[in-house]
Amino acid sequence: MGIINSSKLVQWFNQVKRDLPWRRTKDPYAIWVSEVMLQQTQVVTAIPYYLRFMGRFPTLSHLAEAEQEEVLELWRGLGYYSRARRLWEGARYVVETAEGRMPKDYQSLLHIKGVGEYTAAAIASIAYEEQVPVMDGNVKRVLSRILRWEEDVEKARSRRFFLEYLGEVIPGDCPGDFNQGMMELGATVCTPKHPRCEQCPLQADCEGFALGDPQVYPVKKSKEKPGSAWRPTLILLHQGQVLLKKRPSTGLLADLWEFPGEEMMVPPWENYRGGKEFSAEAVKVAERVGEETSRYRYNLDFAWYELYKNQIGDAACDEAVQELLSRRPSRQGPLVHTFSHRRWQIYWLVLNLDEVMDKTVRVRENEDSLKGDGLCWLDVKELDKIALPVAFQKVWAKVTI
DNA sequence: AACCCGGGGTT
DNA sequence: AACCCAGGGTT
């Protein structure tokens with residue numbers, strides 16, 4: 001079994017390493033921020049986010065004192081928003097429990113929520129020169145090729161073996177450079193599809209190169225295709241404002257804003273909520289406005305009003321919405337948005353309450369009651385200043401055109 | 001151990 | 001259009 005030449009790797013890293021903003025500091029907080037961003041984003045994409053983030057929150061205290069909302073806003077477009085929240089929570093945790101002093105070793109770093117084995121090892125080795133190996137996707141790819149590792153690299157067995165291996169080759173005098181070297185190698189040379197083996201400082205140690213098939217590693221279990229779902233959405237406009245709703249704190253797009261609506265496994269105009277009974281009130285409205293008798297048309301009105309009742313309710317503008325729905329606004333879409341594990345077909349209705357102003361005088365009066373449901377009227381000009389997921393940004397782009 | 005969590009990039 | 005990329009938390 002090949003044992004890699006650690007000093008050759010470190011030497012290579014110090015020669016070719018890219019000049020990146022987070023490599024100009026030993027500040028553990030800055031490294032923490034960069035590592036969380038880089039967990040989900042390529043370097044080129046992360047740089048402007050990192051600079052913006054550090055500009056606004058230059059220290060742990062700045063981040064801890066910020067509102068969660070502002071942190072999410074700066075994260076908008078990066079994805080995996082729970083990580084932004086955990087970073088913010090982690091900063092508050094450190095400030096509250098350790099008076100703002102970052103934990104100084106791998107084990108203590110692990111106590112921070114949102115800091116797992118990888119991030120703790122990265123901070124400990126880079127900021128504190130602690131001799132602890134990191135293992136990210138790059139390292140797994142490099143090792144799996146050097147060793148021609150035939151098992152699924154995500155298996156616990158693979159992880160254990162790789163960590164043990166790394167523990168034997170990580171140098172005590174420059175663990176941070178070694179770790180960064182392994183990751184830099186995976187990012188720039190030992191790339192997923194077309195590794196540049198001729199540039200590799202570990203070529204002599206690599207069984208994959210020796211046998212001519214490094215690109216077939218790492219072996220991974222194949223993934224399922226994303227499941228399909230419908231996403232009916234209501235765009236309510238009123239005096240230059242649009243109605244938004246805060247998403248729950250768990251699950252998809254946690255804590256972000258959305259236009260009110262609901263994910264459904266079946267299209268709402270066929271079978272709203274997959275067989276759930278409609279409310280008596282919704283039936284009444286559907287019958288009142290249902291001039292057409294076709295089942296399709298009937299269920300469509302039915303579904304949009306039911307959606308309104310469930311997601312917005314009586315809070316502000318029930319009568320106005322009923323009136324607008326009775327005018328049979330045309331359904332817009334679909335707009336397809338694909339997540340890693342789900343595929344939304346977004347259909348939306350634009351309801352401009354100004355068209356029935358006399359019936360909407362209560363909208364503003366009841367504004368306070370909106371907040372309890374996470375509902376909020378927002379000036380449309382402010383839409384680019386809040387944490388609105390890309391899926392809804394795409395919808396809005398089509399609404400205004 | 002299996003599943004969830006979003007975006008952007010490449011081919 | 002179909003593929004790739006990834007670590008932490010939860011169950």
Side-chain angles (χ1 to χ4, degrees), chain A residues 31-50 72-90 93 106 109-123 133-144 151-160 162-163 179 182-183 186-188 190-196 215-229 231 247-258 263 336-344 346 387-394:
Chain A
I31 292 169
W32 181 10
V33 172
S34 73
E35 289 302 340
V36 174
M37 284 187 178
L38 291 168
Q39 282 169 18
Q40 63 204 34
T41 309
Q42 293 191 333
V43 165
V44 186
T45 313
I47 288 175
Y49 281 90
Y50 173 83
L72 289 174
E73 179 196 323
L74 278 185
W75 211 263
R76 181 162 62 121
L78 269 181
Y80 286 113
Y81 301 93
S82 64
R83 294 181 189 192
R85 196 183 62 239
R86 290 194 192 109
L87 182 58
W88 173 74
E89 286 169 350
Y93 164 82
Y106 174 74
L109 285 162
L110 280 177
H111 293 322
I112 305 174
K113 280 176 286 288
V115 175
E117 291 178 7
Y118 165 76
T119 309
I123 299 172
V134 300
M135 194 167 60
D136 71 344
N138 290 308
V139 176
K140 287 177 196 163
R141 186 168 56 252
V142 170
L143 279 187
S144 68
E151 295 177 49
D152 180 352
V153 288
E154 302 305 329
K155 290 285 179 204
R157 241 180 70 88
S158 306
R159 222 175 51 82
R160 277 198 301 273
F162 287 179
L163 273 179
N179 284 336
M182 288 292 285
M183 295 191 282
T188 64
C190 198
T191 50
K193 291 293 174 196
H194 305 289
R196 302 168 174 84
Q215 73 288 344
V216 308
Y217 304 95
V219 174
K220 290 187 179 182
K221 197 180 63 178
S222 67
K223 268 185 239 165
E224 299 266 327
K225 276 190 186 173
S228 198
R231 213 306 185 167
R247 289 182 62 88
S249 293
T250 56
L252 186 70
L253 303 171
D255 283 332
L256 274 62
W257 293 95
E258 66 181 355
E263 178 182 73
V336 176
H337 184 81
T338 308
F339 305 100
S340 56
H341 57 300
R342 199 161 321 174
R343 184 180 169 84
W344 273 0
I346 304 174
L388 187 73
V390 168
F392 298 107
Q393 291 179 44
K394 294 200 295 202

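First the proteins, then the strands, lettered A, B, ... as listed; each starts at 1.
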| message | How would you summarise protein contacts on nucleotides 6-11 of chain B per nucleotide, using B for base, S for sugar-phosphate only and - for none, with heavy-atom distances below 4.0 Å? | response | BSSS-S

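Between A:Lys220 atom NZ and B:dC3 atom P the separation is 17 Å, expressed in whole Å. We find that CZ of A:Arg86 is positioned 15 Å from P of C:dG7, with the value rounded to whole Å. Rounded to whole Å, atom C1' of B:dA1 lies 7 Å from atom NZ of A:Lys155. A:Leu72 places its CG atom 16 Å from the P atom of B:dC5, with the value rounded to the nearest Å. Whole-Å rounding puts the A:Arg343 CZ to B:dC5 C1' distance at 19 Å. Between A:Leu87 atom CG and C:dG9 atom C1' the separation is 15 Å, expressed in whole Å. Remark: P of C:dG7 and CE of A:Met37 are 17 Å apart, rounded to the nearest angstrom.
Between A:Arg342 and the phosphate of B:dC5, there is a side-chain N or O to OP1/OP2 separation shorter than 4.0 Å.
Here the CG atom belonging to A:Leu253 is positioned 5.0 Å from the CZ atom belonging to A:Phe339, to the nearest 0.5 angstrom. Distance check, rounded to the nearest 0.5 Å: CG of A:Leu163 to CD of A:Glu117 gives 7.0 Å. With values rounded to the nearest 0.5 angstrom, A:Asp136 atom CG is found 10.0 Å from A:Thr119 atom OG1. In this structure, the separation between OG1 on A:Thr191 and CG on A:Asn138 is 10.0 Å, given to the nearest 0.5 Å.
B:dT10 and C:dG7: their C1' atoms are spaced 22 Å apart (whole Å). If you take atom P in B:dG8 and the same atom in C:dG8, they sit 22 Å apart, rounded to whole Å.
Side-chain atoms of A:Glu35 do not come within 3.5 Å of backbone N or O of A:Ala122 as any donor-acceptor pair. Under the 3.5 Å distance criterion, the side-chain polar atoms of A:Arg141 are matched with a main-chain donor or acceptor of A:Cys190. Panel note: side chain A:Tyr81, backbone A:Leu252; no donor-acceptor pair is recorded below 3.5 Å.
Consecutive pairing runs in DNA chain B reach the stem threshold at B:1-5 with C:7-11, B:7-11 with C:1-5, where a stem means at least three Watson-Crick or G-U wobble pairs with distances under 3.5 Å.
Note on A:Asp152: nothing from the nucleic acid sits closer than 4.0 angstrom, heavy atoms only.
A pairwise comparison of heavy atoms in A:Gln39 and A:Tyr118 identifies NE2-CD2, 4.1 Å as the closest pair.
Counting only heavy atoms from C-beta on, A:Ala156 has its side chain closest to B:dA1 among B:dA1, C:dG7, C:dC5.
Applying the side chain to side chain donor-acceptor pair (under 3.5 Å) rule to A:Arg85 yields the partners A:Asp255; only residues at least two apart in sequence or on another chain are considered. Legend: residues meeting side chain to side chain donor-acceptor pair (under 3.5 Å) with A:Lys394, ordered by chain and number and at least two apart, are A:His337. Qualifying side chain to side chain donor-acceptor pair (under 3.5 Å) partners for A:Gln215, counting only residues two or more places apart in sequence or in other chains: none.
Listed by residue number, the members of residues 109-120 of chain A with any heavy atom below 4.0 angstrom from DNA chain C are A:Lys113, A:Gly114, A:Val115, A:Gly116, A:Glu117, A:Tyr118, A:Thr119.
Residues A:Leu78 and A:Gln40 have side chains in contact (heavy-atom distance under 4.5 Å, counting atoms from C-beta outward).
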